[in-house]
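Data first, discussion second: the structure below is written as structure tokens.
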Amino acid sequence: MKYVLMFCSDGADTERFARMSDEDRLAQYERVARWFADNRSKITGGNQLGFPTNATTVRWSADETPLVTDGPFLEGNEVIGGYAEIDVADLDEALRMAKAWPPRGAVEIRPVLG
Amino acid sequence: MVPSRSGRCLAEGRAGSADEALARVFRDEAARLTSSVVRLIGDFGVAEEIVGDTLVIAIERWRRDGIPERPGAWLTTTAKRRAIDRLRRDATYARKLADIDRGGEIGPDEVDDRLRLIFTCCHPALAPNARVALTLQAVLGFTTSDIATAFVASEAAIAQRLSRARRKITEARIAYRMPADDELPERLASVLAVLYLAFNEGYLSSRPAAPFRRDLAEDAAWLTEGLANLMPREPEPLGLLALMQLNLARSSARFDAAGRIVLLRDQDRVRWDRAAISSAIALLERAGAMGRPGPYQVQAAIAACHAEAETWDLTDWVQVVLLYDVLMSMTPTPIVRLNRAIALREIAGPEAALEEVEALAGELDGYHLFHATRAELLRDTGDRETARVAEAAALDLTRNEAERTLLQGRLLTM
């Protein structure tokens, strides 16, 4: 069963990350790399995403005119930093992977249709 | 179908006991029915829907014709028929249909089925009130209407809640199986929380007419006992069962003749069921012997302190506060802190307790018992004016008729 894991963070997480020493940040990157390595057989795709400040969003107004705005869809502090496409037996396996995600923050697990 | 003795009761129109008989049958048969249908269809979501429909059909027929001699077989046959209809309508199930037509029978009960069922209904990925609704229907045989009545919600709202939960189980693929050993503590906690929520809803119902709905509380206790029997090496189900039984043991004394709530401190302890208390404490000791304390065992121990005390004043309050300290180390919630403060008052006085309570204002502002407790402590420290305001705030927030009467009474005496 396919799911997408979306790796999210909010203002508090971003702050915590910014205040990390270079050493700690390096250690964090290593933990993340290890997570990808450990779960290699279950991950079928994914990417780290560019900063939300470089995002562009298309919305529709009530009269169905598309509106283009600078910035991400999510308002305020919340950011999707990256995603992984996974293929596992069921939700419990997806949960196990998500719970092991080192940076913490939040991980959304969304089933892939079809 | 030959009507049974309870069928004749139905025919004679003794509605109360007939409905009780129906409820008992559904309670006894629901889990087995759901497990059978899941095994037949392979999809929990669809199976659960069929079970819900089957219960409704059964109520209509049995009220008219009486409860059949073998109700379990009747339910299974009816559910199977609906399942086949359903499979026929949906092409993706064509293969399953072929299996059944070839004479695939619903197999015998497996011991693990009931556990699998309970754990699936209580999966943490489902919203808490969805877990409760699913458990009540699929495991205890409540109809959508029964659940709506129990939770003072519309039938449409409950139907939608069940429908969403079934869909999520299917679309997010929540597996129908026992959790792995390392997942078990968290998963078991989720199950016990559902059972306790259902118990409390029955124990202090928010329905206007009946302040104490025994059946939901008793059904939750019944299921907890079943769970404890299925998991004999786990202490927390025993702890929860002891807690429920200790609460139920006091039920005769909780309301006076006029249906008003009697506070624990004022209850006539002669009316407590001493045999039930002894039996509950024995369960708690059995749990304790396993050497793995947990929040429900601690809450039961607190309830046991009350149960063993001859009067409110003779309660071992030092022990109660100590137990709350332990509970805080396990589940540091504002409500536990509030309850600890109530006990603290008995050993440290109202000022110390009030200080604790005031600190919870931010988190518990929407909780009527917070305001009621605060009101009492303010009165005890002599601040009658502020106490009156707090009591009014409590009254505003409580939905339960018996509690409203109690709080109104207290407001009048301020």
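Just so you know, these numbers use all the heavy atoms, side chains as well, and skip hydrogens, waters and symmetry mates.
Separating the CZ atom in A:Arg31 from the CG atom in A:Leu26 is a distance of 10.0 Å, to the nearest 0.5 Å. Taking CG from B:Asp365 and CG from B:Leu360, the interatomic distance works out to 11.5 Å, rounded to the nearest 0.5 Å.
Of the atoms belonging to A:Arg110, not a single heavy atom falls under 4.5 Å from chain B. B:Ala125 touches chain A through its side chain: at least one heavy atom from C-beta onward sits under 4.5 Å away, while N, CA, C and O do not. For A:Ile109, no part sits under 4.5 Å from any heavy atom of chain B, backbone or side chain. With a threshold of 4.5 angstrom between heavy atoms, A:Lys99 approaches chain B through side-chain atoms but not through N, CA, C or O. Within the 4.5 angstrom heavy-atom criterion, only backbone atoms of A:Ala89 (N, CA, C, O) approach chain B.
You'll find the side chain of A:Asp92 stays beyond 4.5 Å of the side chain of B:Pro179, heavy atoms only.
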Mind running side-chain contact (heavy atoms from CB on, under 4.5 Å) on A:Glu85 and A:Ile43 for me, showing each step along the way?
-> CA-CA 6 Å; A:Glu85 298 163 14; A:Ile43 298 174; 6.0 Å; no
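Electrostatic pairing of A:Arg19 and A:Glu15 counts as a salt bridge here, judged by a charged N lying under 4.0 Å from a carboxylate O.
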